[in-house]
Amino acid sequence: MKSHDLHSWDVTPAQAREIQERLGSRVIRRDMFRSIERVCGVDVGFCGERAVAACVVLSFPDLEILDHSVHSAKVTFPYIPGLLSFREIPSLLPALEALRIAPDLIIADGQGIAHGRGIGLASHLGLLVDTPTIGCAKSRLMGRYTEPGAEKGDWEYLYGDDTVIGAVVRTRRSVKPLFVSIGHGIALHSAVFYVLGCCRKYRITEPVRLAHRLAGGGVI
DNA sequence: GCGACAG
DNA sequence: ATCTTGTCGC
């Protein structure tokens, strides 16, 4: 798949925040797709000074592997809460561009709009590749919530000040919930639906779990 | 000033 | 994220 060149990645933390302020309003919070048949999980692992990005495309709802790609690049930005995009997306774009099968939906390991400026990693990535994305983080960055029920499928809204910014979803019985939020081009309820539809035997989504293993040097 | 803080 | 073994709980 191809991606837009919306800005430079050689920036300072202050410039990165300015870019987020400028792009945040472009994020679309409603469904912008016909049907979802191919879901891609993306993740980035680190080996010293190298970032290893991996993508795995699965069929939906069967979750059969259709395609995958890996790309490593030098790390150029530190981890700063709120600026994860600038550390991981530079290595993720080449990996996504190398895919032979373009996905209908991308699930990222991080926040979507549940972010200080409304544009976390998943939202930022969605804008760049013009594809619906979901933010699926393993922990909270922002927002208040009440603990969801213990059964798989139980969930509660995640609130920021006075508005809904995401959902806290139990993807397996009695395990820590996932923090799901709109990435780009998808509504929150649809995001929760696809995340649950992508979970099998593990807490994390199957596409992201496989991408995580690939990025860590493992086999699919 | 202090605490919180995706990966 | 990453460094790391066994262990407690469902």
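Throughout, a chain's letter reflects where its sequence line sits, starting with A, and its residues are numbered from 1. All values reported here derive from a predicted model rather than from experimental measurement.
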Exercise. Under 4.0 Å between a side-chain N/O of Lys138(A) and OP1 or OP2 of dG7(B), yes or no?
Worked result: yes
For this session: Look at Ser139(A) and dC5(B) and indicate whether a side-chain polar atom (N or O) is within less than 4.0 Å of OP1 or OP2.
Result: no
Whole angstrom value for the distance that separates [atom2] of [N] from [atom1] of [X]:
X	N	atom1	atom2	answer
Tyr145(A)	dA6(B)	OH	P	12 Å
Phe77(A)	dG7(B)	CZ	C1'	13 Å
Arg144(A)	dC5(B)	CZ	P	15 Å
Leu84(A)	dA1(C)	CG	P	11 Å
Ile165(A)	dC5(B)	CD1	P	13 Å
His212(A)	dG7(B)	NE2	C1'	10 Å
Glu88(A)	dA1(C)	CD	P	9 Å
Arg140(A)	dG7(B)	CZ	C1'	15 Å

Exercise. Given side chains that start at C-beta, do those of Leu23(A) and Leu6(A) come closer than 4.5 Å, heavy atoms only?
Worked result: yes
Base, sugar-phosphate or nothing for [X]? Non-hydrogen atoms, less than 4.0 Å.
X	result
His124(A)	nothing
Leu83(A)	base
Tyr79(A)	base
Gly82(A)	base

Polar atom pairs (N or O), protein with nucleotides 3-10 of chain C, under 3.5 Å:
from: dC10(C); atom 1: O3'; to: Arg173(A); atom 2: NH1; distance (Å): 3.1

Rounded distance (nearest 0.5 Å) linking atom [atom1] of [X] with atom [atom2] of [Y]:
X	Y	atom1	atom2	result
His184(A)	Leu128(A)	NE2	CG	9.5 Å
Ser35(A)	Asp104(A)	OG	CG	6.0 Å
Ser69(A)	Met1(A)	OG	CE	10.5 Å
Thr133(A)	Ile106(A)	OG1	CD1	7.0 Å

Problem set entry | Residue Arg87(A), side-chain atoms from C-beta onward, closest of dA6(B), dG7(B), dA4(B) | dG7(B)
For this session: Indicate, with yes or no, if the rings of Tyr145(A) and Tyr157(A) have centres closer together than 6.0 Å.
Result: no
For this session: Look at the rings of His7(A) and Phe86(A) and say which category their plane angle falls in: under 30° parallel, 30 to 60° tilted, over 60° perpendicular.
Result: tilted
